[in-house]
Amino acid sequence: MSDAAPEFDGRGGRWVGASVPRREDPRLLTGRGRFVDDIQLPGTLHACFVRSTIAHGRITGIDLSATLAVDGVVAAYTAADLDLGDIVALLDRPPEEFAPTAMPILAKEKVRFVGEPVALVVARDPYVAEDGAELAVVDYEPLGAIVSEETALAQDAPLVHEEAPGNVLLDVSMFDTPGVDEAFADAGCVVEVVTRSGRQNALPLETRGVIASWDDHDDQLLVQMCTQVPHQVRTALARSLRVPERTVRVTVPDMGGGFGQKCVVGREEIAVAAAARRLNRPVKWIEDRREALTAGFLAREQRYRTRAAFDADGRITALDVDIVCDMGAYSCYPFTAGIEPLMASAEMPSVYQVPAYRVRARAITSNKAPTAPYRGVSRPQYVMAMERVMERAARELGIDPLEIRRRNLITQFPYTGVNAVTYDPGTYRESLDLAEATLRDEGWYEFRDKAAAEGRHVGIGFCCFSERTGYGSGAFAKRKMAVVPGFDISEIRMDTTGSVVVTSGTMNHGQSHETTLAQIVADRLGLHIDQVKLRQGDTERIAYGWGTFASRSVTIGGSAVALAATRLGELLCRIAAHLLDTQPDNVRLDGAGGVVQIDDPGRRASFEEIADVAYLRSHLLPKDVEPTLTATASFDVPGDGTFSNATHAVVVEADPGTGGITILRYACVEDCGVVIHPQVVDGQCRGGIAQGIAGALFEEVTYADNGEPSAASFIDYLVPTATEIPDITVSHLETPCAFTENGAKGAGEGGTIGAPAAVLNAINDALRHTGVELDTTPVHPQTVLAALDAAADPERSRPA
C-alpha cells in the first residue's frame, strides 16, 4: 500500500479549510529556494560596516586612509561622503507627548550604541571589505552610557538625544476614566504587581541582507533584499537618496523569517543602495550573526507597574498602570518609538471587563541597539502583567485562579471596553474551559498533587488573552502616526488558459501565502489551486502595499485577494452571459472552471473559452467590456479590527537543586475565526509558542554598565533547541469574523503572546510551597536558585 496522500481536488469550494500540500515546499525543501545571498550579479562588490566600539560618545575623527590602501578595497564612505537624508519616524503629537529624533544612515556627530554603523567599506569580496573595515580609525570622546530605566530617568542623566529631554521619546496618558480613585478607595482587595521582560532578538534564520544595483537602461536602482515591507523601504530609500520613487524598485526573493524585525526600515540597506548608485556597480551586504545579535533591531525590554482593585467577589473594578518601554537608541520607521507603549495602553485590559482604567506609558531612549516590532509587540508583556494580577488577586481573595478569570472574562459581544475598543465575538470562556478540561482529563492535576507529596515541584499555569489582528488604518490613525498603514491592494489577472496570476501587497516570510491565498482564490473562482499563481514582494507589480506584520496577511491581504477574485468572477459571468445569449443574472460560476446558465445547466462557457474571446477575438465582447480579464480590489478592516483569542495551559517541573525548569505539557486552545489551512495555523501556533517559551526561559540580551552588549554569539545568547520545546497540542474553535471577507482572523502572533505568562504562572505554581514568587522573564536557573535562597534566608540574601 502506498503512503502517498491522495491528490486533493478542491473544486466545489472545498479548498479553504483543507490542509493541502504547501506549494512552497517542493522548492524550499529541495534547496531550490532563492534567498538574497543566492543572488549573484556580474561585477558585484561587497560591503562591510565600520561600527562603533563604544555605546555613547562624540565622534572626533574618522581616518579611512589605511582602509583605502588595502588591495581590493574600492571605496570607503562616511556620513559626510554619502550625504544622505536621515530616517525620521513621526507621530502627530504635541512636543510634550512625543520627541521626534533622526536616525542617520551612518553616524554623524555622535554614536549612540555599540555596533552603530559609522562608515561603509566596499571591496571586491567580503573578506577584503572586512579587512579594510578593521583598519579604520575612529576617535571618540566618551559620554556616559544609558543602560537602564533608572539611569535614563535619573536627574542630570546624559542625553541620548538632545531633542528628547529626560531621555523620554514618548509620554502619554491615553486613558484616565472616571471612577479610578473611588474604585481603589472602595476595593475589597488591591494588588500591585511589577512585571519585567528581558531584551530579545527576533533571531530569524536568515539575517538581513541586500544587493543593490543601478540599471542605466531603466534609470532605476534595483534593491533586492529581505524585508517584510518592500513599499515602505522604497519610500524611505527614495527620500533618503532624494530621488523620485519611480527610480527605486524593491524586490524580495524567498525570505528566511522576519518575525517583525524586518518590518521596519534599516539604515544599512540604504547605505548599500547609495554606494551602488555612486559606483554604478552591484553592491551586496549580508549581515553576519554577530552584527545581528548586537547591532540589529532588538525588542521586548519593558516594565509594567500594575495596580488593580477588586471587589470582595473577585471582580476587577479598576486598573492603574505605569508602563516603561526601553526602545534603545532610535525610533524605528515608520512605527516610531510609540509602537510598544501605545499598543499596550490601548489594549491592556485584554480579555477582562475593566470598568475604570488609568494608564501612563513612556518610551525611553538608551544606549542600546534600537528596537523594532517582534512577534507579539507588547502583548506578551501586558498579557503577562494582567495574568499575574489575576493570579495574585486569586491568592489574596482565596479564589481559584481559573474561577477569578471566569468572573472577569468578557462574555457578551460585541463588547466596547473602557479603552474605547470594540471587541468582536470570541470564545474567551469556552477556550478556558476546554484548556482546563484537557489537563484534568489527562490527569495532570492528580499528577501535580502526587508530585508534591513526593517532594517534587510541579505546577500548572494558564494564560487567557486576545490578539488584535489585521489592524486597519483606523486603528493606526488612533495612534496619530504620520505614516498610517492599514489597507492592502490585490490584482488578479486571467490568461488565455483560464489560469490566474494574483498580486498582493503582503509579503511572505514563512506563512505559506503561496498556498493560503491561492486557496481563497480557487474557492472564489472555482479553479484548481494549481491554476493560481501568487506574485508579491515587488514594488513594480502593485501601486502600494503595507507588507506583512500584525497578523494582517489573511485578514487584510486575503480579503483584498477575495474581493479581486469576486470582481473577476463578475466580469467572467458578464462575458459568458453575452456569449450564451442570456442575462447576467441567469449565469453563475459553476465551480469547475467555467460559467453555467442557471436555467439550462447544459449550456456553459469555460474560462478558456471566455479568455479566448477576451484576448484573441475581442470583437465578440459586449460593447461596454474592455478586452482584459483583470480585476483590482483594496480592503481595509473597518473600525477597531478583529480579535483572535486563546487559552494556553502549561505543566512544568522546577528542580530546586539546579533551578532548571522542564515543561511537561503544553496545550493551546485558539480561535482565529475561519481556518484557511489547519496545518499552517498549527505551525504558526507551535512556532509562536516556541518563541514565547524562549522569552520565558532562555533568551536575553543584557548590557554592562558601559553599554557593552552581553550576547555577541550563540555561546552567550541562549536559544532553546528541540530538546527544550515540548510537544504542543493545538485545538481550534471557530468564531467567523464578520469584518473580513473570509471570516478569518489573524493567527501569526498568538503563540508568542500567551506563552510567557502561562509558563511564568506554572513556575510560580510549582514553587507555591517555597514562598517564591517571580514576576520577571526570562526565568533562568540562577533566577530560581537566587529566589529560593532569598526565601529560605531573607537576611543572608540582602545586599551588603
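Two residues are said to be in side-chain contact when any heavy atoms from C-beta on lie closer than 4.5 Å; Val121 and Val50 meet this criterion. Between Glu514 and Arg27, the closest side-chain pair of non-hydrogen atoms falls below 4.5 Å. Contact check for Phe113 versus Pro370: side-chain heavy atoms found under the 4.5 Å cut-off. For the pair Val701 and Gln200, the minimum side-chain heavy-atom distance is 4.5 Å or more. Side-chain contact between Val272 and Val283 is present, with at least one heavy-atom pair separated by less than 4.5 Å. The closest side-chain heavy-atom distance from Arg278 to Leu82 is below 4.5 Å. Under the 4.5 Å side-chain criterion, counting only non-hydrogen atoms from C-beta, Met481 is in contact with Leu91. Looking at heavy atoms from C-beta onward, Val229 lies out of side-chain contact with Trp546 at the 4.5 angstrom threshold.
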### Message
Could you go through Val377 and Glu340, starting from their C-alpha distance and side-chain angles, then the distance that decides it, and tell me whether this counts as side chain to side chain contact (heavy atoms under 4.5 Å, CB included)?
### Response
CA-CA 6 Å; Val377 191; Glu340 306 275 6; 3.8 Å; yes
### Task
Give the C-alpha distance, both sets of side-chain angles, the deciding distance and a yes or no for side chain to side chain donor-acceptor pair (under 3.5 Å) between Gln261 and Tyr374.
CA-CA 6 Å; Gln261 187 187 59; Tyr374 171 40; over 6 Å; no
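In this structure, a donor-acceptor pair under 3.5 Å is present between the side chains of Ser378 and Gln302.
In this structure, Arg239 fails the cation-pi test against Tyr333, since its NZ or CZ atom is not both closer than 6.0 Å to the six-membered ring centre and inside 45 degrees of the ring normal. A cation-pi geometry, defined here as NZ or CZ lying under 6.0 Å from the six-membered ring centre and within 45° of its normal, holds between Arg552 and Phe549.
Comment: Glu291 engages Arg51 in a salt bridge, judged by a side-chain N to carboxylate O separation of less than 4.0 angstrom. With salt bridges taken as basic N to acidic carboxylate O contacts below 4.0 Å, none links Arg267 and Glu269. Salt-bridge annotation for Lys745 and Glu467: absent, with no side-chain N of the basic residue lying under 4.0 Å from a carboxylate O of the acidic one. Salt bridge status for Glu268 with Arg208: present, with a side-chain N to carboxylate O gap under 4.0 Å. The pair Lys368-Glu301 meets the salt-bridge criterion, with a side-chain N (NZ, NE, NH1 or NH2) lying under 4.0 Å from an Asp/Glu carboxylate O. In this structure, Arg468 does not pair ionically with Glu749, as no charged nitrogen and carboxylate oxygen lie closer than 4.0 Å. Using a 4.0 Å cut-off between charged nitrogen and carboxylate oxygen, Arg249 and Asp538 count as a salt-bridge pair.
The two atoms that bring Phe635 and Ala560 nearest to each other are CB-N, 3.7 Å, heavy atoms only. In plain terms, the two heavy atoms of Thr539 and Arg234 that are nearest each other are O-NH1, 3.3 Å.
Between Phe335 and Phe476, the ring planes lie tilted relative to each other; the angle falls in the 30° to 60° range.
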